[in-house]
Amino acid sequence: MDLLSDLNPQQREAVTASPGPVLVLAGPGSGKTRVLIYRLAYLVQELQIPAGEILALTFTNKAAREMEGRALSLLERSPSTGGPRLGTFHSTFARILRIEADRLPFTRDFVIFDDADQLALVRQALKELNQDPKQVQPRRVLASISRAKNELIEPQAFSSDTYFTEITRRVYERYQQYLRTNNALDFDDLLLLPIRLFHEHPGTLETYRRRYPHLLVDEFQDTNTAQYTLLRMLAGADPDLFVVADPDQSIYRWRGADYRNVQLLRKDYSNLVTILLEQNYRSTQTILDAAMAVIDRQPDRQRKQLFTERGSGARILVHEAYDQDEEAQFVVEKISMFTLSGEAEPGDCAIMYRTNAQSRAIEEAFLRAGLPYRLVGAQRFYGRKEVKDLIAYMRLIHNPADQVSLMRAIRTPPRGIGDKTLEALRVAADQAEATPVDILLSLGRGEEVAGIPARSRASLSRFGALLDGWIEIKDQVVLESLIDRVLEQLEYRAYLGDAEDRWANVMELRGVAQEFSELGLVEFLQQVALVSDQDTLTENLNAPTLLTLHAAKGLEFPIVFIVGLDEGELPHFRSQDDPEAMAEERRLFYVGLTRAQDRVILLRAFRRRARGVSTLTDPSRFLDDLPADRLEGDLIGVRTPAQDEYFRETRWQSRVPVPTQARYQAGMHVTHPQFGEGVVLEAQLGYDDEEVTVNFEEVGIKHLVASMAGLQIEDP
DNA sequence: ATCACAATACTTTTT
DNA sequence: GTATTGTGAT
């Protein structure tokens, strides 16, 4: 089969593993996404599995789209001929929720509340509970609620042992009520409600199991508890499940991702086939050595030996700039030099940073130099005021129950409706046992409503009439015509005045809507909520790309700049007190390094401005971990060669040897320094260690990681 | 009562 | 530099 001729033996082994649970543990640049795509093609072409029975889950829309394109071209099919189902966890289950809406406490017209909407709900709830947002930070409350939801904890079961958790519990209760009355779901609901649905309706679960007997998952290390639960539900006891993962690239712990799901998977499927991919096709050996030196400082981790046939390549350049402006200037100049010398094109370069705020200095440097750049994510397109305004109008037209959108829409552009008028509207709605929108629509039709002061009535009924008109035509005209009409009647362009760029954003959104002309308003709104505009900006512009380290995952560039290698920036100061969070910062740096094919340039600024004030910084601790003999530039004297040697020695020596063979067997007698004597009940060889279950005479049954436990085998 | 403008406070990463 | 809140003018 010529499909497999492009693959190396390891990759081929993975792709052709017989159906069943398969885990591919892959290093960066080892072609793991490629393996996933070929697996899909292999299932269809070689094993004659109907493509429609395959469900592939990813974490970003971009990954899903890319996979779809590549898989279809491998299969020589067009998207129309019933391809596999590819999508993100969120979009896939949102789709299922719409289909199954009848059994759930919302209608299929539900809207998805994004981060800003969720925060608005929390703020409102806090306000109603008379809480000072300075004392109880809405952001933290939301994070806490989200965590609870991910762990399937209901408001009633939410522990309230401190003042903060008690407030959170009350906010959580209201928050859920608001979602319900707004006919809205948040991101967590998109995963939780399917779990509940499947739980309560096993028949429904069975239907989906039968529909998708073949499951593929990309970036498995990023699954959270809810996602893993769903995956297991869909997979059942004996699934054809194919997942690819790299625990070293796990960078989403803060949103609930748990790379230990990799270990869990091993526990849950005893027949799991594990395949390692360590050969790297992306980077030079120098880059890999640096990356390994960084990640190997991490304790409790299986060491991967990344290797490449690409040769050693250029050293890594490390530069200390005076401040962030000079840092940015250095980047621009360096790129100009690469371009002039013909070593690279502008589009080959990427500039990565820890926080979105850091992009500004770099953007300014490019603007000063009059050079173009591509910005990924960042001050999100969908986060812009004018874009959110228009989306709010669309959501309101689609789902009049959405009060968050109503509140936004009714105030912009200003139309003489302020706090007092809104309060009157709310009171009138309560009295009439109707929603505010119902009242508005009645007013719009010229009906009398009790409790609305004459003063406010004119502006309210004018707005109500507009809304009524839009709702009436929403299903009769195509999406972009609806948008045109809304913009026109709002005189939105005049409202924006001479802010041409903002109008351009509105038009760009209209352009997106045009693509959804056929699919309609529902799909458009879902897309808008779930897409993280990772790629909304010009694709084929030959210019450097600016992006966060998080956004960089899964990408590769010939030349990578990582800026802001200062303590407090990378690692970020918010991660300082938590070893797990600090470990994640390290992985983030590792991800950045391993994006590079040919060259890495690392930068730091001696002085950095943060919210107006300029402070001195220390070099990032991660710089110390880089092997000096792989570096060049002006910041390598941070540690003496002797120290460097010492660090490297200890680093290698502190490793626990990897078991290649099972050392323990059921029935063996062992002794443990703490637990004393016992008998092995079960031993399992994992990827990074051997896990043993021992029944100790003194303390009973314990699960142990063999290398850590210091178990001694007693001769029988 | 509403709105524009000024003062104030806050910034990790994203589906 | 930006979201949110506060204040004064209309």
Side-chain angles (χ1 to χ4, degrees), chain A residues 57-64 87-94 112-116 118-120 123 127 132-134 137-140 142-143 146 150 185-191 219 222-224 226-227 250-257 324 352-361 363-364 376-380 382-385 388 411-424 453 455-456 459 526-534 547-553 564 568-576 578 581-582 584-585 587-589 591-592 609-613:
Chain A
L57 295 165
T58 62
F59 280 83
T60 63
N61 282 286
K62 196 179 165 194
T88 61
F89 274 90
H90 286 90
S91 65
T92 301
F93 290 105
I112 299 164
F113 272 10
D114 67 18
D115 194 58
Q118 295 177 39
L119 218 46
R123 284 212 175 89
K127 208 164 154 190
D132 180 4
K134 273 153 222 155
Q137 292 170 18
R139 180 90 275 156
R140 289 193 53 204
L142 180 60
S146 177
N150 260 309
L185 303 184
D186 67 11
F187 286 124
D188 300 319
D189 287 333
L190 296 181
L191 304 172
E219 308 280 13
D222 287 334
T223 49
N224 63 25
Q227 284 159 336
S250 154
I251 53 174
Y252 286 106
R253 194 184 80 101
W254 50 273
R255 81 176 186 209
Q324 55 199 343
M352 302 174 186
Y353 34 81
R354 176 67 232 272
T355 63
N356 282 308
Q358 290 173 271
S359 74
R360 191 161 312 277
E363 286 183 74
E364 279 168 6
V376 176
Q379 267 326 306
R380 298 189 196 42
Y382 290 105
R384 303 250 161 82
K385 212 176 299 150
K388 293 200 72 166
R411 288 166 191 269
T412 43
R415 51 171 62 82
I417 298 174
D419 293 341
K420 283 283 147 87
T421 308
L422 285 176
E423 187 52 35
R455 224 186 126 85
S456 326
S459 47
Q526 176 167 319
Q527 168 79 1
V528 163
L530 291 181
V531 84
S532 72
D533 44 356
Q534 299 285 319
L547 73 181
T548 61
L549 287 163
H550 282 91
K553 192 161 75 157
E569 208 71 42
L570 179 64
H572 196 269
F573 73 95
R574 297 285 287 249
S575 303
Q576 227 152 25
D578 179 356
M582 185 54 81
E584 185 146 305
E585 299 286 323
R587 292 195 292 268
L588 205 46
F589 182 42
V591 166
R609 254 188 344 267
R611 50 177 190 274
V613 244

(Q) Below the 4.0 Å mark, does B/dT14 have OP1 or OP2 next to a side-chain nitrogen or oxygen of A/Thr548? (A) yes

Q. Which nucleotide, B/dT15, C/dG1, B/dT14, lies nearest any side-chain atom of A/Thr88?
A. B/dT15

Q: Return the nearest nucleotide to the side chain of A/Arg139; candidates are B/dT15, C/dG1, B/dT14.
A: B/dT14

Q: Tell me, please, which residues at least two apart from A/Arg411 pass salt bridge (Lys or Arg N to Asp or Glu O under 4.0 Å).
A: A/Asp419

Q) Quick one: A/Leu119 CG to B/dT11 P, roughly how many Å, whole number? A) 10 Å

**Q.** Spacing of A/Phe573 atom CZ relative to B/dC10 atom P, expressed in whole Å
**A.** 12 Å

Q: Figure out the NE2/P separation between A/His550 and B/dT14, and round it to whole Å.
A: 7 Å

Q. What's the CZ-P distance between A/Phe589 and B/dT13, to the nearest Å?
A. 19 Å

Q. Using atom C1' of each nucleotide, how far apart are C/dT4 and B/dT13 to the nearest Å?
A. 23 Å

Q: Check the distance between B/dT14's C1' and A/Asn224's CG and give it to me in whole angstrom.
A: 12 Å

Q. So, A/Tyr353 side chain and A/Leu547 main chain: donor-acceptor pair closer than 3.5 Å or not?
A. yes

Q: Using a strict cut-off of less than 4.0 Å between a Lys/Arg side-chain nitrogen and an Asp/Glu carboxylate oxygen, indicate whether A/Glu584 and A/Arg587 qualify as a salt bridge.
A: yes

Q: Taking only the side-chain heavy atoms of A/Thr355 (C-beta and beyond), determine which of B/dT13, C/dG1, B/dT15 contains the nearest atom.
A: B/dT13

Q: Kindly point out which of C/dG1, B/dT13, B/dT15 is positioned nearest to the side chain of A/Trp254?
A: B/dT13

Q: With sequence neighbours excluded, tell me which residues meet salt bridge (Lys or Arg N to Asp or Glu O under 4.0 Å) with A/Asp186.
A: A/Lys149

Q) Has A/Asn356 got a side-chain N or O lying under 4.0 Å from the OP1 or OP2 atom of B/dT14? A) yes

(Q) A/Arg574: which residues meet the salt bridge (Lys or Arg N to Asp or Glu O under 4.0 Å) condition with it, sequence neighbours left out? (A) none

Q. Given B/dT15, C/dT4, B/dT14, which nucleotide is nearest the side-chain atoms of A/Arg123?
A. C/dT4

Can you check nucleotides 1-4 of chain B for protein contacts, nitrogen or oxygen pairs under 3.5 Å, and list what you find?
from	atom 1	to	atom 2	distance (Å)
B/dA1	OP2	A/Lys420	NZ	3.2
B/dT2	OP1	A/Gly418	N	3.3
B/dT2	OP1	A/Thr421	OG1	2.5
B/dT2	OP2	A/Lys420	N	3.4
B/dC3	OP1	A/Gly416	N	2.7

Q | Whole-Å distance separating the CD atom of A/Glu219 from the P atom of B/dT13 | A | 20 Å

(Q) Tell me every residue that passes side-chain hydrogen bond (donor to acceptor under 3.5 Å, both in side chains) with A/Arg140, counting only those two or more places apart in sequence or in another chain. (A) none

Q: Name all residues meeting the side-chain contact (heavy atoms from CB on, under 4.5 Å) criterion together with A/Ser146; count only those two or more places apart in sequence or in a different chain, and write none if there are none.
A: A/Asn150, A/Asp188

